[in-house]
Amino acid sequence: MGARILDGKALSKQVRAELAVRVDALKARGVTPGLAVILAGDDPASAVYVRHKERAAAALGVEAFTVRMGEDADAAAVQAEIDRLNADPAVHGILVQLPLPAGVSADETAALLTSVDPDKDVDGFHPVNLGRLVAGLDGFVACTPSGCMRLIAEAGVDPAGKRAVVIGRSVIVGKPMALLLLQANATVTICHSRTTDLAARVREADIVVAAVGRERMVKADWVKPGAVVIDVGMNRDAAGKLCGDVDTAAVAEVAGALTPVPGGVGPMTIAGLMTNVVRAAERRISNAAGLR
Ligand code: GUN
């Protein structure tokens with residue numbers, strides 16, 4: 001058991017303590033950061049995630065407004081709520097919890113996410129913010145990838161000049177993760193379901209980010225000795241036990257540093273969200289003062 005275990009819970013506490021100072025400064029100027037969450041449908045995992053977000057907001061002094069909608073909510077109903085929240089000055093950040101109910105198609109979901117005001121897009125899912133990330137401009141970055149970057153820094157590894165492999169190419173995690181690593185001057189490979197000889201690609205990496213949603217897929221003999229392994233997976237195994245995309249017990253014998261599941265990336269995603277909400281409120285003040 002050689003790997004250092006990267007404690008996302010402790011690190012997120014540190015981030016939230018830093019944010020608390022900024023929230024106090026905002027409140028001293030009469031601004032309470034506000035986060036609106038749209039939770040539509042009855043996905044049990046989404047209900048748990050939203051509860052965690054509400055709790056983190058409350059602990060920080062961020063006001064959370066959760067809009068709960070039934071499984072029968074359609075795209076028009078969700079759109080009406082987004083329009084209302086876009087116009088509400090007490091709301092600095094808007095998050096549409098995914099997945100939306102089955103009656104909302106993938107195209108409709110994409111259109112809904114695109115209708116969120118980019119300056120309130122604390123999830124970083126809007127094409128404008130994704131474009132800013134591609135262009136290297138300031139914008140909101142998706143919370144899980146930014147949390148992963150902070151964990152890599154915590155491992156004491158500077159990505160510059162390192163080989164990084166991201167497994168998974170989702171818009172929410174894989175693609176922004178790869179762009180952040182590239183911005184930090186890593187040499188980045190994105191692997192996915194059509195990648196040939198995935199194990200060999202992963203074995204080349206100094207930094208591995210696994211975001212595929214397959215329980216314990218990354219095996220010890222895929223990992224270069226000393227590598228930093230970030231596990232974004234959140235799966236239940238056949239016994240109902242929570243586990244990641246990495247075979248943690250075995251990989252810990254080889255890796256230099258490793259995130260646990262739970263207690264690794266999850267808390268850092270919430271810290272990333274809170275960071276974006278505080279930034280959204282700060283930016284509103286700067287924009288109003290013409291400091292953009
Ligand atoms: N569903 C699963 N993860 C996320 C997330 O990070 N943001 C949103 N909005 N929905 C999710």
Side-chain angles (χ1 to χ4, degrees), residues 8 12 15 35-57 62 64-69 71 73 75 78-79 81-82 85-86 91-102 104 106 108-118 120-130 133 139-151 166 168-177 179-180 209-214 230-236 242 244-245 259 261-262 264-277 279-280:
S12 88
V15 173
L35 167 66
V37 177
I38 296 178
L39 173 59
D42 44 25
D43 181 76
S46 288
V48 173
Y49 293 144
V50 168
R51 203 174 324 124
H52 286 152
K53 291 169 187 176
E54 288 170 332
R55 273 197 209 134
V62 167
F65 312 88
T66 303
V67 180
R68 291 189 159 76
M69 307 176 76
E71 185 63 36
V78 177
Q79 185 66 70
E81 290 299 334
I82 293 173
L85 296 168
N86 276 340
V91 171
H92 299 93
I94 300 172
L95 182 152
V96 182
Q97 186 67 30
L98 301 176
L100 285 167
V104 182
E108 286 172 330
T109 297
L112 288 165
L113 295 177
T114 303
S115 75
V116 172
D117 178 346
K120 295 189 177 186
D121 172 39
V122 287
D123 246 338
F125 292 173
H126 194 289
V128 162
N129 282 315
L130 291 164
L133 180 60
F140 289 113
V141 177
C143 309
T144 298
S146 59
C148 293
M149 290 303 285
R150 184 88 188 227
L151 284 159
V166 178
R169 56 176 156 179
S170 72
V171 174
I172 294 178
V173 183
K175 286 179 187 168
M177 186 74 234
L179 288 162
L180 287 174
V209 180
V212 258
R214 281 237 193 109
I230 306 293
D231 189 352
V232 180
M234 186 65 86
N235 316 296
R236 293 231 174 245
L242 206 57
D245 293 348
T259 60
V261 175
V265 171
M268 289 307 295
T269 294
I270 295 194
L273 174 64
M274 294 303 132
T275 304
N276 281 349
V277 174
R279 266 192 69 209

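In this chain, numbering begins with 1 at the start of the sequence shown. As the structure lists them, so they are numbered: ligands from 1, and atoms in each ligand from 1.
Taking all atoms of both residues into account, the shortest heavy-atom contact from Arg279 to Gly139 is NH1-O, 3.2 Å.
Under the side chain to side chain donor-acceptor pair (under 3.5 Å) criterion, Glu54 pairs with Thr66, Arg68, not counting sequence neighbours. Residues forming a side chain to side chain donor-acceptor pair (under 3.5 Å) with Ser115 (at least two apart in sequence, or on another chain): Gln79.
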If you look at each N/O of ligand 1, which protein N/O atoms lie under 3.5 Å away, and at what distance?
from, atom 1, to, atom 2, distance (Å)
ligand 1, 1 (N), Gln97, NE2, 3.2
ligand 1, 1 (N), Leu98, O, 2.8
ligand 1, 7 (N), Asp123, OD1, 3.4
ligand 1, 7 (N), Asp123, OD2, 3.3
ligand 1, 9 (N), Val96, O, 2.8
ligand 1, 9 (N), Asp123, OD2, 2.6
ligand 1, 10 (N), Gln97, NE2, 3.4
ligand 1, 10 (N), Leu98, N, 3.0

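Within the model, atoms CD1 of Ile94 and CG of Leu113 stand 11.0 Å from one another, a figure rounded to the nearest 0.5 Å.
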Which donor-acceptor pairs under 3.5 Å do side chains of residues 39-50 form with protein atoms, sequence neighbours excluded?
from, atom 1, to, atom 2, distance (Å)
Asp43, OD2, Ala45, N, 3.4
Asp43, OD2, Ser46, N, 2.8
Asp43, OD2, Ser46, OG, 3.0
Ser46, OG, Leu98, O, 3.4

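When atom types are taken as modelled, the side chain of Asp231 and the backbone of Val265 share no donor-acceptor pair closer than 3.5 angstrom.
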